[in-house]
Structure formats: structure tokens, C-alpha cells
Amino acid sequence: MALQMKRSWNELASDDEADDPSDEQETEDWSASSAVVLSPPSSKDTSQPYYGASSKCVPQAHSNQNEHKRTIVHVDLDCFYAQVEMIRNPELRTKPLGIQQKNIVVTCNYVAREYGVTKLMYIKDAKEKCPNLVLVSGEDLTHYREYSQRVSDLLQSEFSTLVEKLGFDENFVDVSSLVEDRLKAYQGKPKMEVKGHIFGSENEGSSSQCSCGCHQRLAVGSQIAGEMRERLKEVIGLTGCAGIAWNKLLAKLVGERHKPNDQTTLFPGREQQLMIGLEKARRIPGIGHSMNKKLSTLGITTVLELQKASSAELEAVFGSQITAMMKNSSFGIDKSPVNKTGPPQVLKAC
DNA sequence: AGACTATATG
DNA sequence: CATATAG
Ligand SMILES: Nc1ccn([C@H]2C[C@H](O)[C@@H](COP(=O)(O)OP(=O)(O)OP(=O)(O)O)O2)c(=O)n1
Ligand SMILES: [Mn+2]
Ligand SMILES: [Mn+2]
């Protein structure tokens, strides 16, 4: 049970194998492996990648036609707890700030990060890195919960009813219908300007010329993401990052590429570069400590190895559904819908 | 070294 | 309920 959670702490104590999925560094060793591009699994499987865990979705026929049909924005707020405390006390903005729970800095602002303070760091280590670190208790979650709800509510009321929360500081928003509306309205505009960064644009290679109109849709999606971030800042006072892509998996992964307070759009043809650039399969959302360990047993540690792995061998360990999920995810395929987040579940009571 | 918090699944 | 994943 708590086995899984323990992992993070063990990582901190560094008595566990290095299994950290956390992002931060930008590995970009695409050229090395670009010679071989593996084919993704056939798309008639019904299993859903990780983010589809909650969907009781039924198999859909076809897919190449609809592969890039949706426009999904993923929003992740910057150093969330720290930002909330800086709103509550603006004097903290210019100081290195850590949010303390028991003996750990659960997160810290970007001033503190310049000193080498990281998320989930022991107080002792953080004070070593930054003796002037200001600590604020983050044991009372009510303010964070409240700001979290305001963020989801704003996105839901101004952009799309299809909003799914992930933790306190992330939301997936399916803006496909808003995008369609805007494309109809702007009818003949020859060029759609992309807001923010474009993943992989400084490299060689192509964002494939897909004829389905996805390029225009994603460009509009990037503009909408810019508006979301603008509204979150002016209405609530929070900054954050956005990723724009045609599914949840890729939107989440691409948004991390430029932090903080920025946004990145992925265009079709670049998803292999994004996925393989993760290097470690552990960094694929949905592959946690347990699955990673089992994968290691099979000699699989990288995304590329997972792509190449024999499905039969994987199925012997994970079963066919999980195997299909992992394989799809490794290729950046994720058909899971954005599920509206309902009222919080109340479990454990009585 | 968080009696973290939340959700999904079998 | 236990397990897994996530923030
Ligand atoms: N194991 C964890 C992970 C996260 N959090 C809390 C503290 C964070 O403020 C918030 C959001 O998590 P993120 O991973 O998005 O981290 P931040 O938003 O703090 O930083 P970043 O700017 O890197 O997104 O959730 C936590 O309490 N325990
Ligand atoms: Mn987050
Ligand atoms: Mn965040």
C-alpha cells in the first residue's frame, strides 16, 4: 500500500534505486536514434493508456482519420503551494521560499530553486543549499484546495465544460469544440500564429503535413492556452505552464518543456522525438515504481526498448490490457477522453 | 524523515 | 479492503 508512496521518500533518502521520473533536464538525443522509427501498435485495440483508466470507453472503429482530431490543453501551475503563499503575503515574492510539511520542503518558489533547493527536499538539505530560505508551513491545505477549485472553475466556465483535474495544480481541458468554432469564424485566414514555443522546432526534421487540419487546430489551441494563462493570472493571480497536443499524454509531457510560466505546442510528426527524448520509460505517466521494476526484470528501461519489446513477453507479466496501454503510451498514443471531474469522493468515512 | 491528499481498479 | 499511480 504505502509501498508506493514510500518510494518518493526513499528517493529523498536515496536508499532506493534511482528511479526518479522527474523531468527538469532536457535530454535531446533524438538524432542518435532517428534512423529507426518503429511502427506504433495497430490501433484497433480497445485498451486505454494510463489516462484512460477511468473511462468506460468502448472500442471505436477507425482511427487514422481521428488520430489528431482533438485539441487538448494541459495546465500545470508553477510551484503551486508557494505561489498561493506569495499571493497571501506578497513580501515573500522576492525571497527564497520553501513550503514546509514536517521535515520536508514540499515545494519552493523559483527564487529558492536558483539556490538548488528542490521539491521534496529535506529541510536540513534545503537550508544547506540556501541558508536564507524562508519557510512557511504548508500543513493546512484548505487555501490550496480553494485556489485549486477556483482554477478548475475558471477553465470550466470560460473555455470548456470538459475539464479534468489531476492533483491540486493540474487540469486537462478538451478545447476541441471551441477550436472548431473559432476556425469557422476565422474562415479564410491563411496562417494561424502559434502562441509560445513549438516543440522540436529548433531541430532538423519535419512536423508532418497531415491533411486533417490538425496543424491549424493546434495553433488555435495554443492561442486558447495563452488566453487561459492570461485569465488565470488576471483573475486569480496564478501563473502556470501549458502543453498543447492532440491527447492528454502528449499535452502533459510537452508542457513541461518550458517552465515556468510558459507554454509549448506539439505538432504531429514530433511525438516520437518527445517520447524517445524522455529516455527512461519510468517517465511515462502511468508507469510507476512497480511496473518499472517489472520492466527492468525484462531488461527494459528506456522508452525505445519498450517500443521494441515483444508484446508476448510483456503480456506474460502485465496482461494484455496493461501491455497495450504501455505500448501505446511509449509511442505517444492515448485515446482516453478528458473526463469531467466530479465532486470529491468521500472515502474512509465511518 | 508526509498517521500528505486524491483517484482508479481488482 | 489492498495496491498502484499521481500531485
Ligand atoms: N509528492 C508530492 C507532490 C506534490 N505535492 C504538492 C506540492 C506542490 O506545490 C503541488 C503541485 O505539485 P507539482 O509537482 O506540480 O509541483 P509544483 O507546482 O510545486 O512545482 P512546478 O512549478 O515544478 O510545477 O502538489 C505534494 O504535496 N507531495
Ligand atoms: Mn503538477
Ligand atoms: Mn505545478
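Proteins get letters first, then strands, A, B, ... in listed order; numbering begins at 1 in each. No hydrogens, no waters, no symmetry mates; every other heavy atom, side chains included, goes into these values.
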Can you list, pair by pair, the side-chain donor-acceptor contacts under 3.5 Å of residues 127-134 of chain A, counting residues two or more places apart and other chains?
| from | atom 1 | to | atom 2 | distance (Å) |
| --- | --- | --- | --- | --- |
| Lys127(A) | NZ | Pro131(A) | O | 3.3 |
| Lys127(A) | NZ | Leu133(A) | O | 2.8 |

Throw together a table of side-chain donor-acceptor distances under 3.5 angstrom for residues 86-94 of chain A, partners on residues two or more places apart or in other chains.
| from | atom 1 | to | atom 2 | distance (Å) |
| --- | --- | --- | --- | --- |
| Arg88(A) | NE | Glu85(A) | OE1 | 3.1 |
| Arg88(A) | NH1 | His143(A) | ND1 | 3.2 |
| Arg88(A) | NH1 | His143(A) | NE2 | 2.9 |
| Asn89(A) | OD1 | Glu91(A) | N | 3.2 |

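Between Phe168(A) atom CZ and dG7(C) atom P there is a gap of 14 Å when expressed in whole angstrom units. Spacing between atom CD1 of Ile99(A) and atom P of dT5(B) amounts to 16 Å, rounded to whole angstrom units. When the P atom of dT5(C) is taken as reference, atom CE of Met326(A) falls 10 Å away, rounded to whole Å. Atom C1' of nucleotide dT5(C) and atom CD of Gln321(A) are separated by 17 Å, given to the nearest angstrom. One interatomic measurement links the two molecules: NZ of Lys293(A) to C1' of dT5(C), which rounds to 15 Å at whole-angstrom precision. Whole-Å rounding puts the Arg145(A) CZ to dG7(C) C1' distance at 13 Å. One interatomic measurement links the two molecules: CD1 of Ile322(A) to P of dG10(B), which rounds to 8 Å at whole-angstrom precision. Computed from coordinates, the Lys294(A) NZ to dT3(C) P distance equals 12 Å when rounded to whole Å.
The aromatic rings of Trp246(A) and His68(A) sit perpendicular, their planes meeting at an angle over 60°, well past the 30° parallel limit. Under the 30°/60° scheme for interplanar angles, the aromatic rings of Phe267(A) and His215(A) are found to lie parallel.
The side chain of Asp169(A) approaches dG7(C) more closely than any other nucleotide in the set dG7(C), dA4(C), dA1(B). Counting only heavy atoms from C-beta on, Ser290(A) has its side chain closest to dA4(C) among dG7(C), dT5(B), dA4(C). Here the side chain of Pro344(A) is nearest to one of dT5(B), dT7(B), dT5(C), namely dT7(B). The side chain of Lys252(A) approaches dG7(C) more closely than any other nucleotide in the set dA4(C), dA6(B), dG7(C). If you check dA1(B), dG7(C), dT5(B) against the side chain of Glu170(A), the one that comes closest is dG7(C). The side chain of Met291(A) sits closest to dT5(C) out of dT5(C), dA1(B), dT5(B). Distances from the side chain of Asp76(A) to the nucleotides dG7(C), dT5(B), dA1(B) place dG7(C) closest.
Residue-level contact check: Leu141(A) touches the backbone only, with heavy atoms under 4.0 Å from sugar-phosphate atoms and none from bases.
Within the 4.5 Å cutoff, the side chain of Lys119(A) has heavy atoms near those of the Arg113(A) side chain.
In this structure, Tyr122(A) counts as stacked on the base of dA1(B) under the 5.5 Å centre distance and 30° plane angle limits.
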